[in-house]
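Within every chain, numbering begins at 1; the chains are lettered A, B, ... in the order of the sequence lines, protein sequences first and strands thereafter.
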Protein chains: 2
Amino acid sequence: MKSMASTSDKILDIAKSLIVAGGYNGFSYADIAAAIGIRKASIHHHFPTKAELVSVLVDRYIKQAEAGLRSLREQAASPADQLQFYIDFWNACIRDASQPFCVCAMLASEMQMLPEEVALRVRAHFQGLAAWLTSVLQAGVEQGLFRLDKRPEEQAQMLMASVHGAMLSARAFGEPGLFIAVVAPEIARLRAPDRYGTVR
Amino acid sequence: MKSMASTSDKILDIAKSLIVAGGYNGFSYADIAAAIGIRKASIHHHFPTKAELVSVLVDRYIKQAEAGLRSLREQAASPADQLQFYIDFWNACIRDASQPFCVCAMLASEMQMLPEEVALRVRAHFQGLAAWLTSVLQAGVEQGLFRLDKRPEEQAQMLMASVHGAMLSARAFGEPGLFIAVVAPEIARLRAPDRYGTVR
DNA sequence: TTTACTCTACCTACTAGTAGGAAGGCAAAA
DNA sequence: TTTTGCCTTCCTACTAGTAGGTAGAGTAAA
């Protein structure tokens, strides 16, 4: 009982890794077909058009991300730990090359020429991620864990930019370690010193 | 006496804007030909292959960037002003949509599937930019203008990631103002308070 | 007369997408 | 129980159009 994954899931999995590698125009139905050993036409049966395939793909990605972030929050970890788990997750993805870039970040760079239905979903993911980061920062401030220079929404945007920029640098330099080297100090800076002046 | 630009310059100009919009796989010789009113084959006369075209394009981009950054330094502006001019430049490019993204940042996201000759040049630009930022930060520290949490090289990497991430966010949200909203506080944070505790 | 440039015309390989059929599972009707 | 028909899935074979790239001829200036 090995691969229980349905064909359409396999298609989405391969498409995801191809998009992460080369973006929307960086893959074709033929690539996917070859990778999972079926014919092009079979893919069109599951996903009539490329725009629809990628739309479903992004929808799934958003759902997975939302579920992951929600479970992070529900595990009652402190806001500081939530942030740490978040960047540890990406650090692991980049280090083992399992997913060395965010699908939506990749697609966002091509925003201008994306089918509208895809562009809308990519933007939605950015909004969702910004909202999650904002709420985590806000909670951290209320618990006295963080001290922010700016309002939580702005600080969240700054943090998100750091994360995406760090992914890009890691890729551009071919140094996976750059991701954490850039992001970790950015997060450390948010931590408020406690009353004894020590660092948690 | 209007367009003195040579055909090959026109080709590179159009190709640049097409790459900024959609990346390496987001444009074709046909697109360029249509845009400047010549035939595809004429482009092949100037640039035999696509990889060569983009290589020359990136070489030119790097030269322009180097010249710009060098002149910034030679205008004897303070390190703080140099940084400010740098982000003001990008802010203007993004706001007037004349160049809403860095060519090399765009290509870096597709690093994994770029022709090697192009990938090498993109990486070189990242190294050059990191080196320039490092030297500016270093000079700022020596002049007592900046106070850094980390070593200049690391701080430069963090700053570069912020800039690229901010470009991506501005594009993803369709809000050009996001760029400066993210980058400005990041730079303000570097400034050291002077002996009177005021902000320069 | 060479050189630089652009053209028409063409090539092969690949693009997303379509048409129509074969194979098998499933369920209701005979 | 068998038959009928539907549904899903995948297939072969195809379309029109686009990709990067080539061959060779025309043209104009040095």
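Using a 4.0 Å cutoff on non-hydrogen atoms, the parts of residues 28-40 of chain A near DNA chain C are Ser28(A), Tyr29(A), Ala30(A), Lys40(A), ordered by number. For the segment residues 41-54 of chain A, the set of residues with a heavy atom within less than 4.0 Å of an atom of DNA chain D comprises Ala41(A), Ser42(A), His45(A), His46(A), in numerical order.
With sequence neighbours left out, His46(A) forms a side-chain contact (heavy atoms from CB on, under 4.5 Å) with Thr7(A), Ser8(A), Ile11(A). Checked against side chain to side chain donor-acceptor pair (under 3.5 Å), Ser71(A) has no partners two or more places apart in sequence or in another chain. Taking Arg121(A) as the reference, Asp59(A) meet the salt bridge (charged side-chain N to carboxylate O under 4.0 Å, His left out) condition, with sequence neighbours excluded. Residues that satisfy the salt bridge (charged side-chain N to carboxylate O under 4.0 Å, His left out) test with Asp149(B), not counting sequence neighbours, are Arg189(A). Take Glu153(A) and apply the salt bridge (charged side-chain N to carboxylate O under 4.0 Å, His left out) test, not counting sequence neighbours, and it matches Arg151(A). For the salt bridge (charged side-chain N to carboxylate O under 4.0 Å, His left out) test, residues two or more places apart in sequence or in another chain that qualify with Asp9(B) are Arg60(B).
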For residues 47-54 of chain B, dump all side-chain donor-acceptor pairs below 3.5 Å to protein atoms at least two apart in sequence or in another chain.
unit_1, atom_1, unit_2, atom_2, d
Thr49(B), OG1, Glu52(B), N, 3.2
Lys50(B), NZ, Tyr24(B), O, 2.8
Lys50(B), NZ, Phe27(B), O, 2.9

Can I get a per-line list of side-chain donor-acceptor pairs under 3.5 Å for residues 79-89 of chain B, giving both atom names and the distance, sequence neighbours left out?
unit_1, atom_1, unit_2, atom_2, d
Gln82(B), NE2, Ala77(B), O, 3.1
Gln84(B), NE2, Asp88(B), OD1, 3.3

Would you tabulate the side-chain donor-acceptor contacts of residues 163-182 of chain B under 3.5 Å, counting partners in other chains and residues two or more places apart, or write 'none'?
unit_1, atom_1, unit_2, atom_2, d
Ser169(B), OG, Gly165(B), O, 3.3
Arg171(B), NH1, Ser109(A), O, 2.5
Arg171(B), NH1, Val20(B), O, 3.0
Arg171(B), NH2, Val20(B), O, 3.1

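On the nucleic acid side, DNA chain D contacts chain A at distances under 4.0 Å to non-hydrogen atoms, with the end points of that region at dT9(D) to dT12(D).
When all heavy atoms of Pro100(B) and Gln112(A) are compared, the pair lying nearest together is CG-NE2, 3.7 Å.
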